[in-house]
Amino acid sequence: MTIAALIVAAGRGTRLGADVPKQYIPLNGACALRRSVNLFLSIPAVSKVVCVIHEDDQRRYWHALTGVSADVVLPPILGGATRARSVLAGLTALEDASPSSVLIHDAARPFMPVDVIERVIGSLETHEAACAALPVVDALWLERNGMADSLVSRTGLWRAQTPQGFRFGAILEAHRANTSDSADDVAVAREAGMMVHLVQGAEIGFKITTQDDLTRALRVTAFD
């Protein structure tokens with residue numbers, strides 16, 4: 001099984017409210033994008049890595065990845081107007097490499113443990129798709145006018161993380177057929193009729209979205 005990693009880094013991170021897109025904010029020496037690339041470079045099964053970036057971030061990208069070997073990391077691909085279009089652009093760029101499987105990962109999740117990624121890879125040996133995820137453990141309340149209105153059962157509910165892994169040809173075809181702005185690649189896969197195996201993720205694989213997340217990320221990297 002040949003495996004490629006597609007790292008999605010074309011977002012603007014507006015919810016964070018920073019002057020720099022969150023994937024390029026320094027985290028005690030290395031930004032989230034660099035850390036995500038290094039993460040996949042540390043996994044021997046991954047033979048190719050490609051990043052999808054915003055056209056305005058090309059200088060930031062090259063600065064962030066200074067010194068990274070070009071043997072495995074392919075030139076960056078410019079993303080589209082939506083996440084789904086950005087992923088399609090990245091998948092299309094990998095088509096000539098013809099990997100058997102692809103791991104699609106958000107650059108804003110730089111701390112996902114290697115063993116979680118390896119579980120996703122292992123799942124692809126027997127499933128057509130797999131997703132790192134965490135079961136919901138907190139009570140869930142439906143809000144109405146700012147008040148807790150009714151309790152929602154958390155039975156069977158999982159929080160999706162990345163990487164999300166797929167047979168390459170199947171997810172490329174699914175994205176090409178997709179016409180919606182899907183929240184993630186599992187949604188695209190399910191719309192195409194694919195079955196997605198949920199793999200135990202990790203709380204440390206959190207996504208940097210808010211200022212609180214950034215503070216947490218800086219704590220994680222404080223003793224690098």
SB check [X] [Y] (cutoff 4.0 Å):
X	Y	answer
D212	R216	no
R83	D184	no
R159	E203	yes

Looking only at heavy atoms, what is the nearest atom pair of [X] and [Y], with distance?
X	Y	answer
E55	L78	CA-CD2, 3.7 Å
P26	L218	O-CD2, 4.0 Å
C131	V186	CB-CG2, 3.7 Å
L91	L6	N-CD1, 3.4 Å
A132	V120	N-CG2, 4.0 Å
D57	Y24	OD2-CE1, 3.5 Å

Has [X] got a side-chain atom pairing as donor or acceptor with [Y]'s backbone, closer than 3.5 angstrom?
X	Y	answer
R35	A30	yes
R144	A148	no
Q23	G11	yes

**Request:** Return the orientation label for the F111 and F206 ring planes: parallel under 30°, perpendicular over 60°, tilted otherwise.
**Result:** tilted
Looking at [atom1] of [X] and [atom2] of [Y], how far apart are the two atoms once the value is rounded to the nearest 0.5 Å?
X	Y	atom1	atom2	result
K48	D71	NZ	CG	7.5 Å
C31	I208	SG	CD1	9.5 Å
K22	Q211	NZ	CD	11.5 Å
D185	H105	CG	NE2	12.0 Å

**Prompt:** Going by heavy atoms in the side chains, are L134 and Q200 under 4.5 Å from each other?
**Reply:** yes
**Message:** Any heavy-atom pair between the side chains of D213 and K207 that's under 4.5 Å?
**Reply:** no
**side chain to side chain contact (heavy atoms under 4.5 Å, CB included) partner of S101, the single match among T2, L124, I121** = L124
